[in-house]
Each structure stands twice: as structure tokens, then as C-alpha cells.
2 protein chains.
Amino acid sequence: MAVEGSTDDGPSQPGLTRQALAQAALRVLEREGVNGLSMRKVAAELGVKAASLYWHVRNKEELLDLLTDELMADAEAPPREGDWRGQLREYCLRYRRHLLGKRDAAKVVAGRLAPGPHLLRLMEDQLGRLREAGFSDADAAMISYLLGAFVQGFVLQEQGPISASEAMGASRREAATTVGEQLSGLPQDTFPNLVALAGDLTDPSMEARFSFGLERLLDGLAALLDPDVRSEGTPPHE
Amino acid sequence: MAVEGSTDDGPSQPGLTRQALAQAALRVLEREGVNGLSMRKVAAELGVKAASLYWHVRNKEELLDLLTDELMADAEAPPREGDWRGQLREYCLRYRRHLLGKRDAAKVVAGRLAPGPHLLRLMEDQLGRLREAGFSDADAAMISYLLGAFVQGFVLQEQGPISASEAMGASRREAATTVGEQLSGLPQDTFPNLVALAGDLTDPSMEARFSFGLERLLDGLAALLDPDVRSEGTPPHE
DNA sequence: ACCTGAACACCGTTCAAGT
DNA sequence: ACCTGAACACCGTTCAAGT
């Protein structure tokens with residue numbers, strides 16, 4: 001009945017700990033990337049054989065769950081200054097920068113909503129601010145999930161390969177240029193919009209794209225608090 | 001100088017084609033899931049040895065790019081009825097349902113923005129509707145990217161394992177219940193919000209979460225067209 | 001031009017066996 | 001209780017060799 005996943009790993013002495021596994025996995029991830037992250041390498045990092053890990057962890061998936069929370073260990077909530085909108089924006093910007101700062105973090109975290117203690121700490125804080133801002137309990141819960149999915153999804157695009165041209169030199173800026181040339185080179189009669197917007201589609205930096213999406217989302221949330229600007233189809237009560 | 005990735009694979013006869021590879025990969029994906037999708041299995045599907053694939057494709061990444069576009073082959077744009085908001089909503093709902101309908105589709109597509117011909121067809125159509133709705137070229141381009149990232153990111157959470165408890169029986173509804181119990185079981189003095197909102201955090205269906213996010217986003221986009229409800233920090237011009 | 005055989009250097013996971 | 005040896009059934013990729 002005890003809460004699983006707490007920081008309490010017991011007073012076990014030097015040997016392997018779930019926390020030690022998570023930290024070792026993080027070091028391997030930072031050094032070799034997500035494709036180089038294997039049970040054997042994590043074991044070697046701990047001076048142990050791969051089979052030993054299976055005493056502490058059911059399988060690699062579970063190790064990745066631990067790693068996911070370890071990735072959030074040094075994440076910090078923004079200062080409690082300004083209005084809710086500024087604080088929420090800062091939350092998302094920091095979360096994005098945090099993920100971008102860890103190699104392949106988005107690929108590890110993606111679709112893994114096992115809430116470890118470090119993530120719970122942040123959620124607790126964020127939910128408090130949302131309630132204070134005046135959002136209903138139901139909306140606060142929805143918003144917390146929504147922002148998490150939004151940032152994770154976005155960083156995944158950002159951190160992933162732009163395509164198979166990744167491995168090659170193509171410095172991401174070149175890749176974008178190449179895509180732009182492909183777009184403007186399309187037959188204009190069947191793809192008039194893609195040709196016309198080739199520049200608009202390829203020019204914006206990822207920062208600009210993220211900010212754009214974030215501000216739209218914040219506008220939408222603001223409408224929840226202001227009954228005048230409510231979306232159609234969403235009744236004011238509930 | 002010719003546009004890469006068009007449907008033109010030349011008049012090559014029975015032998016392997018990039019399109020044949022993509023279709024075979026799709027069949028393997030549907031049958032075995034993303035973890036069972038190997039070069040060797042795709043080759044076997046085509047009655048050929050794994051090494052043969054490397055004549056048509058640089059590596060597995062490139063095969064996944066082809067597969068990504070193949071996944072979009074039977075996607076359909078919504079009917080051209082109603083206002084822009086309804087059409088955009090329908091676009092997102094359909095895209096989500098489309099991805100959910102193909103096994104592990106989000107995991108394959110995630111972070112892979114190599115635009116194949118099938119995706120380009122949809123983008124062309126969507127961009128046209130956005131421009132007709134009155135969005136600027138720059139905004140239309142941003143919105144198209146944003147919606148894609150939003151839906152992909154969301155479905156990734158939805159289609160991925162809820163945690164390491166995936167493999168086990170835990171029927172996702174049970175898993176949610178378990179998470180709920182964990183949350184309400186947290187120490188109330190350090191996690192008051194998580195305890196109070198345990199139900200709100202775990203009750204909503206994925207459909208409800210998606211709809212919530214989508215309507216917020218659409219509200220934010222509507223504000224772009226209506227100068228009265230503009231977000232702070234975003235100057236009216238540009 | 002296109003495909004194969006054979007090999008290299010890896011994987012995750014299991015399980016009897018050790019201590 | 002915790003770790004190892006050894007094996008099983010796989011991987012992606014390369015490359016000389018075939019046709």
C-alpha cells in the first residue's frame with residue numbers, strides 16, 4: 001500500500017540501487033545518446049553485468065521510466081512573480097530549455113507519463129498556481145496535462161532528426177534551406193500554396209515556432225477565465 | 001534538381017521499389033508493432049534478404065521516412081463546409097483518429113518531419129483554407145506546423161505505454177485508477193493540490209483531454225483574427 | 001544494376017548456478 | 001538477497017561476391 005516510486009530506496013548500503021541505475025543510465029544517455037543506451041552499457045557503467053540489472057528492474061522499459069524521472073531531477077519552477085500568464089509562459093519556456101539541455105531527452109520522455117517524484121513536485125507547484133489564478137479544479141488538471149504534452153511534443157520535433165538527412169553533415173539550417181528549395185520547386189499548378197509559402201514555412205526558427213504556439217495556447221487559456229471571449233460549443237457552466 | 005520523394009519511381013518492373021519497401025514496412029508494422037519492425041522482417045516480407053534493402057535505402061532511418069509518408073497515404077481532408085474553425089477542428093480530429101487507427105503510428109512519425117508526397121498534399125489543402133480564412137501567410141505557415149506538432153505530440157502520449165505497467169494486464173483504465181490511488185495516497189501536507197485534484201487528473205478520457213486542448217488552441221487562433229482580443233506582447237502589426 | 005552469403009559487432013532477456 | 005556465466009534469439013550494417 002506504500003506509495004511506489006518515492007525517493008525512499010531504503011538504507012541499503014553500497015550495492016546497486018534503483019537510483020544508482022537511473023543515474024548511471026543518465027550518464028550513458030549523455031555520453032552515447034538514446035541509440036547507445038543499452039542495458040549492457042548501463043551495467044558496465046556500474047561495474048556489473050547486464051543480467052544484474054534485472055534484479056532491480058523488470059525490463060528496459062522500467063529503467064527508462066526511472067531515467068525519465070531522473071531527467072527532471074534538476075528542473076526548477078519559475079519564480080512566483082507577475083501574473084499567471086507570465087508564470088505559465090515561463091514554465092513552458094523552462095521546461096523546453098530543460099529538455100533541450102539533456103541529450104535526446106524528448107525521445108526518452110516521449111509518451112512516458114509515469115509520474116516520478118521529481119515530476120510530481122513540479123506538478124504540485126504548477127497546479128497550485130493554476131488554482132490561484134482562478135481556474136477550476138477540472139480545468140487546472142486539464143491545463144497541466146495539456147502544457148506537458150505540448151512542450152514534449154514540440155521538443156520531440158525539435159530534437160529529432162529533421163529526416164534521414166540527419167546523420168549527414170546538413171547543419172539543420174542547410175537542411176531547412178534544402179526543404180525550402182524543394183518546396184519552391186514543386187509544380188505550381190498543383191501546389192500553389194506550398195510554393196507561395198515556401199519561405200514562411202521554412203524560415204521561422206524553432207524558438208519562433210514554439211513562442212507562436214505557446215502564445216496561442218495562453219490566449220486560449222485566458223479565454224477560459226474571461227466569459228466574454230468564450231469558444232462556441234463550450235457551455236459556460238459544467 | 002528533380003524533386004526527390006515524388007511518386008515517380010520510374011518504370012522499373014517487378015523488382016523492389018521504394019514504394020514496395022514502404023508498403024512492406026507498413027504491413028510488418030501493422031502485424032508486429034514498432035518494436036518488431038526490423039530490416040530483416042521487411043526484407044522477408046518482400047521475399048528477399050536484409051542486405052538487399054540497402055540498395056534502395058541508405059539505412060533504417062530512411063525506410064522509416066518512407067513508412068511515415070506511407071502512413072499518410074489514405075488520410076483524407078475534411079469536407080469544405082462551415083467556418084474555418086469547424087474545418088480546422090475536423091482536420092485535427094481526423095488526423096488524430098487516423099494516427100490512432102494505425103498501430104504505433106505516432107511512435108514512427110514522432111519527430112520525423114520529412115514531408116513526403118502524401119503529407120504535402122494535405123498541407124497544400126490546409127494552407128489554402130487558412131489563407132482563405134484570413135490568416136496572414138506567415139501565420140498560416142506557423143499554424144500548419146503547430147497543429148501537426150500538437151496532434152502528433154498528443155497521440156504519442158495516447159498511444160505510448162502509460163508506464164512500465166504496460167506489458168502487464170493493466171487495461172489502461174485500471175492503470176489510470178491505480179495512478180489515481182497513488183495520487184490520493186500522497187502525503188497531504190506536501191502535495192495538497194495533487195491530493196485534492198487526484199480525480200480531476202485521472203478521470204478525463206483522452207478524447208476529453210484532446211478536445212480541451214484543441215478548443216483552447218482554436219480560441220487562441222481566433223484571437224489572431226480578432227484585433228480586440230489580442231495577447232499582450234504581440235504587436236498588432238507585422 | 002541489383003541481389004546474396006557471410007560475417008561483425010552488437011542487442012534484451014532468461015535462468016541455472018554461485019555466494 | 002543479490003550477482004554472474006552462458007546461452008537464446010535476435011538486431012543494423014558492410015562488403016566481397018555473384019548474376
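These numbers were taken from a predicted model, which means no experiment stands behind them. Here is the naming used below: chain letters follow the sequence lines, and residue numbers restart at 1 for every chain.
For A:His56 and D:dC3, the shortest distance from a side-chain N or O to OP1 or OP2 is below 4.0 Å. Of the side-chain N and O atoms in A:Ser52, none sit less than 4.0 angstrom from OP1 or OP2 of D:dC2. Residue B:Lys49 places no side-chain N or O under 4.0 Å from the OP1 or OP2 atom of C:dA6. Checking the phosphate oxygens (OP1, OP2) of D:dC11, a side-chain nitrogen or oxygen of B:Lys41 falls inside 4.0 Å. Phosphate proximity of C:dC2 to B:Trp55: present, with a side-chain N or O under 4.0 Å from OP1 or OP2.
No side-chain donor from either of A:Tyr145 and B:Gln157 sits under 3.5 Å from a side-chain acceptor of the other. A:Glu70 and A:Gln19 share no side-chain donor-acceptor pair at under 3.5 Å.
Atom CG of A:Leu16 is separated from atom P of D:dA1 by 16 Å (rounded to the nearest Å). Taking atom CE on A:Met39 and atom P on D:dT4, their separation rounds to 14 Å, with Å as the unit. Remark: P of C:dC3 and CG of B:Leu21 are 9 Å apart, rounded to the nearest angstrom. Atom CG in A:Leu37 sits about 14 Å away from atom C1' in C:dC10, given to the nearest Å. For the pair B:Lys60 NZ and D:dT13 P, the computed distance is 8 Å after rounding to whole Å. As rounded to whole Å, 10 Å separates atom P of D:dC10 from atom CD of B:Glu32.
Base pairing of C:dT14: its partner is D:dA6, meeting the Watson-Crick or G-U wobble criterion (both donor-acceptor distances under 3.5 Å).
Annotation: cation-pi pair A:Arg94/A:Tyr91 absent, no NZ/CZ under 6.0 Å from the ring centroid and within 45° of its normal.
Minimum atom distance to the side chain of B:Arg40 is reached by D:dC11, of the listed C:dG12, C:dT13, D:dC11. Nearest nucleotide to the B:Ala51 side chain, out of D:dT14, C:dA1, D:dG5: D:dT14. Out of C:dC15, C:dG12, D:dT13, the shortest distance to the side chain of A:Tyr54 is found at C:dG12.
Between B:Ala50 and A:Ala50, the one whose closest nucleotide on DNA chain D sits nearer the 5' end is A:Ala50. Nearest-nucleotide positions on DNA chain C place B:Leu53 closer to the 5' end than the other of B:Leu53 and A:Gly36.
When the P atom is compared between C:dA9 and D:dC10, the two are found 22 Å apart, to the nearest whole Å.
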* Show your working on ring-ring contact (aromatic ring centres under 6.0 Å, His included) between B:Phe150 and B:Phe210 and close with a plain yes or no. => CA-CA 10 Å; B:Phe150 172 72; B:Phe210 183 76; 5.6 Å; yes

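Few gaps surround CG on B:Asp189; more than 12 heavy atoms of other groups in view lie less than 6.0 Å from it.
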